[in-house]
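Counting convention: from 1, in listed order, for ligands and their atoms alike. Residues take their numbers from the sequence shown, with the count starting at 1.
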Amino acid sequence: MSDLFALDGRKTLRDGAVLLRGRALAVDRALLDAIEGVVAQSPFRRMVTPGGFQMSVAMTNCGRVGWVTDRTGYRYDPRDPETGAAWPAMPDIFRTLAREAASDAGFDGFAPEACLINCYEPGTRLSLHQDKDEQNYAHPVVSVSLGLPATFQFGGLKRSDRPMKVPLQHGDIVVWGGPSRLVYHGVLALKDGEHPLTGGRRFNLTFRKAL
Ligand code: SIN
Ligand code: FE2
């Protein structure tokens, strides 16, 4: 383990942003089963940006509201526009893990209503962006990685700030809040690979207090 890491696998990326190495490993199978349950109700789909581009990441949501984009803009919606029904409930295992990871990172009392589930296949990328569609920024973002590894780009508060490259592995959790809440971040194109639990895919769970 590099000397950038404390013995518990915690790495501070910048003020308010922490990488918790392997924090989700103990519940990895339960998380993947729960993703399957959500997807059975609200399938993955590639949404369209307000500018008319189809996103390369396939997404779905669970929780009281879900993040969606279409030609009219970005928003949190209590309904899945594809099915017309409410989003699947947030599984308890998601809620608990998000709360505990936030607390480990110094943000107590995290109670997200929204969990965006991202599905990446080789070649899929997510360009640099801020998470700023939430009602307030007092709460952190908690981001869980499962399956194939990826390179996370973690920048600054200006788009022009050069992002650091953070390798994310199966089971890693990144939490960013406080002075880091609005940092630009993204994911480089996923490399080919095979993961024993997810095959040729990477899943990401992004928890936010949206309301
Ligand atoms: C996101 O920014 O919504 C996803 C980040 C990730 O996939 O790790
Ligand atoms: Fe994001």
Please list the nearest protein heavy atom to atom 8 (O) of ligand 1 with its residue and the distance rounded to 0.1 Å.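 Nearest protein contact, heavy atoms only, for atom 8 (O) of ligand 1 is Arg202 NH2, 2.9 Å.
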Which heavy atom of the protein is the closest neighbour of atom 3 (O) of ligand 1, given with residue, atom name and distance?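 Result: Asn118 ND2, 3.5 Å.
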Can you measure from NE2 (His129) to OH (Tyr74) and round to the nearest 0.5 angstrom?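 Between atom NE2 of His129 and atom OH of Tyr74 there are 9.0 Å.
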How wide is the angle at the Fe ion (ligand 2) between NE2 in His129 and NE2 in His185, to the nearest 10°? 90°
Hey, which N, O or S atom on Asp131 ends up closest to the Fe ion (ligand 2)? OD1
Apply salt bridge (charged side-chain N to carboxylate O under 4.0 Å, His left out) to residues Lys209 and Glu134 and explain how you reach the verdict. CA-CA 7 Å; Lys209 177 109 180 69; Glu134 297 71 35; over 6 Å; no
cation_pi(Arg202, Tyr120) dist<6.0 Å, angle<=45: yes
At a 4.0 Å threshold, what atoms of ligand 1 neighbour a non-hydrogen atom of [X]?
X	result
His185	2 (O)
Val187	5 (C), 6 (C), 7 (O), 8 (O)
Leu126	1 (C), 2 (O), 3 (O), 4 (C)
Tyr120	4 (C), 5 (C), 6 (C), 7 (O)

Backbone or side chain, does any N or O of Asn204 fall under 3.5 Å from an N or O of ligand 1?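 The answer is yes, given that Asn204 and ligand 1 share an N or O pair closer than 3.5 Å.
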Where does the angle between the aromatic ring planes of Phe154 and Trp176 fall among parallel (under 30°), tilted (30 to 60°) and perpendicular (over 60°)? perpendicular
Parallel, tilted or perpendicular: ring planes of Phe152 versus His185, cut at 30 and 60 degrees: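 Aromatic pair Phe152/His185 classed tilted.
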State, yes or no, whether a side-chain contact exists between Leu20 and Val175 at a heavy-atom distance under 4.5 Å. yes
Can you check salt bridge (charged side-chain N to carboxylate O under 4.0 Å, His left out) on Arg79 and Asp77, steps first, answer last? CA-CA 5 Å; Arg79 298 198 164 267; Asp77 199 314; over 6 Å; no
